[in-house]
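Numbered from 1 within each chain, the chains take letters A, B, ... in sequence-line order. Fair warning: this is a prediction, and the values are worked out from it, not measured in the lab.
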Protein chains: 2
Amino acid sequence: MIRNTPVTLKFLAEKLKMSVSTVSKALNDYPTINEYTKKRVQEMARDFHFTPNKSAINLKERKSRIIGIILPNLLDHFFTRSIYGVEQFATARGYNVIIRQTHDELAKEIQAANMLLKSRVDGLIIAISKNTKDFAHLEQFENMGTPVVYYARNPSFNLNCHKVLGNTFQGSYEATKFLIGRKHQKIAYLGGPKMISFSHDRFNGYINALKDHQIPFVAGLVAYTDFDKENTILAIQKLFSDPENRPTALVAFKEPILFDAIKYLRSIHHPSFAEMECIGFGNNAFITYLDVPPVASIEENPEAVGENAIKLLLQLIDQEVELLHYQKIIVDCKLVVH
Amino acid sequence: MIRNTPVTLKFLAEKLKMSVSTVSKALNDYPTINEYTKKRVQEMARDFHFTPNKSAINLKERKSRIIGIILPNLLDHFFTRSIYGVEQFATARGYNVIIRQTHDELAKEIQAANMLLKSRVDGLIIAISKNTKDFAHLEQFENMGTPVVYYARNPSFNLNCHKVLGNTFQGSYEATKFLIGRKHQKIAYLGGPKMISFSHDRFNGYINALKDHQIPFVAGLVAYTDFDKENTILAIQKLFSDPENRPTALVAFKEPILFDAIKYLRSIHHPSFAEMECIGFGNNAFITYLDVPPVASIEENPEAVGENAIKLLLQLIDQEVELLHYQKIIVDCKLVVH
DNA sequence: TTGTAGGCGTTATCAG
DNA sequence: CTGATAACGCCTACAA
């Protein structure tokens with residue numbers, strides 16, 4: 001049976017021949033309301049499946065109880081897993097979550113930001129696109145007093161903002177150190193897009209591990225790619241072309257890219273292939289099915305990253321942390337040996 | 001610079017020394033408003049970055065402009081890909097999308113449904129959990145006049161509802177037929193949870209393909225599992241234990257489960273392994289990295305499934321389709337040979 | 001052409 | 001203990 005008249009406080013009040021305010025108070029268990037009255041009201045509410053209208057409450061409370069998440073891609077398990085952490089805490093606190101994908105396109109990021117701004121989200125968590133250099137569309141939020149937490153991808157050195165980031169420096173340091181421990185001397189580094197968050201810290205971790213273990217740095221052992229398979233193959237060709245400096249190990253900024261690299265080397269029967277040991281960021285669940293799996297993975301703990309992001313955001317919303325008192329939270333990686 | 005006073009129509013009206021309604025009309029381009037006035041108002045609105053408060057509009061329009069999606073798991077690429085289709089059309093029409101994962105747990109599904117009900121979503125798209133047999137938590141929506149579209153997972157024979165489903169019958173028919181075409185006589189079927197949507201149609205597709213090609217059905221060539229690796233191994237042991245009826249091909253209800261099966265058979269050096277040909281539902285992007293890939297995949301076109309679901313839902317919301325005039329939309333699968 | 005008033009559903013304050 | 005009233009921000013029929 002379908003109701004046409006919506007079940008509101010007013011509707012219940014009329015049924016019960018009481019005032020709207022009494023009904024409201026009874027449902028919210030006000031101490032000043034007679035127990036018997038409460039019972040009557042609550043029963044009636046249950047019978048008619050009354051649910052308070054969120055829009056009305058939001059209007060009154062000047063809140064939306066919605067948190068926005070903007071991220072590049074849900075097919076990337078890093079982001080999907082990070083959402084677990086966010087969701088859990090957000091829903092426990094009564095917030096809904098709206099996720100918007102940008103596919104790493106700035107235009108879509110701007111569109112998503114504007115739509116979420118209109119929706120008056122109470123807070124925003126964002127992993128910026130690889131092309132985001134200007135932040136005007138995101139600064140709008142803080143101008144309205146809506147907190148923004150940048151996560152997973154580091155916006156830039158000089159942007160003042162709240163950040164929750166994986167410790168990619170430590171991750172690639174440990175990976176490199178691990179490979180050194182396995183007696184590799186020629187360790188290649190395959191980096192990602194030249195954007196700060198993909199390159200800087202990871203590369204530094206690699207370099208520092210080499211230095212700390214007295215392995216000379218060779219420029220020819222470093223190459224960069226992006227999420228495009230062709231570019232990965234070009235980068236790999238560059239890394240493995242010099243017979244004098246043939247790598248025996250490889251650290252890659254992302255596992256799917258590493259898989260492309262491995263597949264390519266294998267397909268051309270590269271002489272180094274058999275002895276190669278590789279490590280990438282990710283720890284993809286799929287690795288268990290691979291014939292030639294990476295020797296280890298850098299587990300980035302995306303759930304923990306998401307969890308820290310939402311916890312910080314909730315503190316900002318609750319004003320337990322000052323909006324302008326910018327926080328930086330770093331989540332360590334963990335080397336997982338396969 | 002951070003505003004403390006929110007920018008509302010009232011705020012603008014005071015600045016401009018006009019009435020609230022004039023400002024409202026000017027912003028909504030009413031023909032009765034003087035052009036000069038409009039210009040003044042619109043400029044001021046732009047300068048102060050005015051954005052209308054959604055909660056207020058929602059309250060007034062009795063709409064939320066939010067669509068809820070409940071699904072088991074975002075780590076399953078079927079669902080992640082299905083969201084692409086949904087998102088695109090929803091956002092183009094000005095709807096926000098709230099996604100809730102149930103992890104295939106009924107309790108979480110109920111909780112999510114209740115929360116979305118309170119949020120007064122304008123419509124719901126749901127892939128039910130594998131344990132959902134009672135639908136009271138979902139029938140609430142239709143009782144309030146909120147349309148619900150069931151997708152991806154078929155609720156039951158006798159539930160009257162709107163459905164958008166993949167043509168799993170045709171998918172498994174084609175897979176089986178393809179294997180028969182490759183001269184297989186002993187084709188095993190590895191089915192999913194005994195819930196209707198996982199079993200019935202796929203199994204029928206398999207059976208019918210056998211029958212249409214005069215291959216005798218052997219009960220020992222059918223086994224069932226769920227998403228648990230141990231159960232998959234048990235099922236595989238059952239299928240491959242009888243030397244008299246050793247399968248040379250396998251159709252599986254989900255690719256990740258198929259991968260577990262392949263891995264297991266390989267690990268025990270099963271004599272059939274070398275000649276085996278397998279097909280599963282999914283067409284996972286990862287297959288390209290596998291050493292022993294399935295001979296083909298049943299591509300379920302999740303984007304198209306999502307797209308059909310949202311299109312139907314929008315029609316229901318716009319009342320272009322009667323709420324009680326239940327629709328059933330079937331999206332064909334496509335066999336992709338690797 | 002502009003302004004006034006009422007209502008969407010809820011909660012809070014204050015009076016009865 | 002209960003009820004009337006105002007307010008949240010927006011829109012719109014009607015009055016001026």
Side-chain angles (χ1 to χ4, degrees), chain A residues 3-42 44-45 48-66 94 117-122 144-145, chain B residues 3-42 44-45 48-66 94 117-122 144-145:
Chain A
R3 297 219 71 67
N4 34 9
T5 45
V7 182
T8 64
L9 291 183
K10 196 176 166 191
F11 173 87
L12 294 178
E14 279 163 12
K15 284 268 171 210
L16 290 158
K17 297 180 202 285
M18 297 187 208
S19 77
V20 176
S21 50
T22 307
V23 176
S24 170
K25 286 172 190 160
L27 289 174
N28 290 315
D29 216 24
Y30 265 54
T32 68
I33 299 290
N34 185 318
E35 282 304 321
Y36 176 64
T37 310
K38 273 186 197 168
K39 191 171 293 178
R40 279 184 62 216
V41 172
Q42 281 159 4
M44 175 95 3
F48 282 93
H49 301 107
F50 170 80
T51 27
N53 184 318
K54 270 255 182 186
S55 295
I57 295 176
N58 294 338
L59 177 59
K60 183 136 249 293
E61 293 185 346
R62 296 150 170 270
K63 295 194 56 167
S64 64
R65 291 234 155 230
I66 294 176
L117 191 77
K118 282 213 187 86
S119 297
R120 292 276 202 285
V121 292
D122 294 337
M144 287 185 58
Chain B
R3 297 220 70 69
N4 34 9
T5 45
V7 182
T8 65
L9 290 183
K10 196 177 165 192
F11 172 86
L12 293 178
E14 279 164 11
K15 284 267 170 210
L16 290 157
K17 296 183 203 289
M18 297 185 209
S19 78
V20 177
S21 60
T22 307
V23 176
S24 170
K25 286 171 189 163
L27 289 174
N28 291 316
D29 215 24
Y30 263 54
T32 69
I33 300 290
N34 185 316
E35 281 305 319
Y36 175 63
T37 311
K38 273 187 198 169
K39 190 171 291 177
R40 277 183 64 214
V41 173
Q42 282 160 4
M44 173 101 358
F48 281 94
H49 301 106
F50 169 80
T51 28
N53 184 317
K54 271 254 183 187
S55 295
I57 294 176
N58 294 339
L59 178 58
K60 177 134 254 284
E61 293 185 348
R62 296 151 170 266
K63 294 195 55 167
S64 63
R65 292 234 154 228
I66 293 175
L117 192 77
K118 283 213 187 86
S119 298
R120 292 282 198 282
V121 292
D122 294 336
M144 287 185 58

Strand contacts (DNA chain D) in residues 51-66 of chain A, 4.0 angstrom heavy-atom criterion
A:L59, A:K60, A:R62

Could you check whether any side-chain heavy atom of A:E14 comes within less than 4.5 Å of a side-chain heavy atom of A:K10, counting everything from C-beta outward?
yes

B:T37 side chain N/O closer than 4.0 Å to the phosphate oxygens (OP1, OP2) of C:dT2?
yes

Can you check whether any acceptor in the base of D:dA4 is under 3.5 Å from a donor in the side chain of A:S21, or vice versa?
yes

Please tell me if the side chains of A:V41 and A:I33 come closer than 4.5 Å, counting only heavy atoms from C-beta onward.
no

So if I take the C1' atoms of five pairs at each end of the helix from C:dT1-D:dA16 to C:dG16-D:dC1 and get each local axis, what angle do the two axes make, rounded to 10 degrees?
60°

Considering heavy-atom distances to DNA chain C, does B:M18 or B:R120 have its closest nucleotide positioned more toward the 5' end?
B:M18

Kindly determine whether A:D29 and A:Q42 satisfy side-chain contact (heavy atoms from CB on, under 4.5 Å), including the steps that lead there.
CA-CA 10 Å; A:D29 216 24; A:Q42 281 159 4; 4.2 Å; yes

Taking the side chain as every heavy atom from C-beta outward, state whether A:V23 and A:M44 have any pair of such atoms under 4.5 Å apart.
no

A:K118 NZ to D:dG9 C1', in whole Å, measures 17 Å

If you count the non-hydrogen atoms of other residues, nucleotides and ligands that lie under 6.0 Å from NZ in A:K38, is the total more than 12?
yes

Side-chain contact test, heavy atoms from C-beta onward, threshold under 4.5 Å: evaluate it for A:M144 versus B:H49 and give yes or no.
no

Distance, rounded to the nearest Å, where A:E14 contributes CD and C:dG9 contributes C1':
13 Å

Short of 4.0 Å, heavy atom to strand atom, which residues of residues 22-32 of chain A count as contacting DNA chain C?
A:S24, A:K25, A:N28, A:Y30

Can you tell me if B:T8 touches the phosphate of D:dG9, counting only side-chain N or O atoms and a distance under 4.0 Å to OP1 or OP2?
no

Nearest-0.5 Å distance, CG of residue B:N53 to OG1 of residue B:T8:
9.0 Å

Can you tell me the distance, in whole Å, between the CZ atom of A:F11 and the P atom of C:dC8?
14 Å

Nearest whole Å is fine: how far is C:dT4 P from B:L9 CG?
15 Å

Round to the nearest Å and state the distance from B:E35 atom CD to C:dT2 atom C1'.
15 Å

On a heavy-atom basis, which atom in B:S119 and which in B:S64 lie closest, and how many Å separate them?
O-CB, 3.8 Å

Scan B:F50 against the nucleic acid and name what it touches under 4.0 Å (heavy atoms): base, sugar-phosphate only, or nothing.
sugar-phosphate

Are the side chains of A:I66 and B:I66 in touch, meaning some heavy atoms are under 4.5 Å apart?
yes

Separation of D:dT2 atom P from A:Y36 atom OH, nearest Å, is 11 Å

In Å and rounded to the nearest 0.5 Å, what is the CG to CG distance from B:N58 to B:D122?
7.5 Å

Which pair of non-hydrogen atoms, one from B:S55 and one from A:K63, has the smallest distance, and what is that distance?
OG-O, 4.2 Å

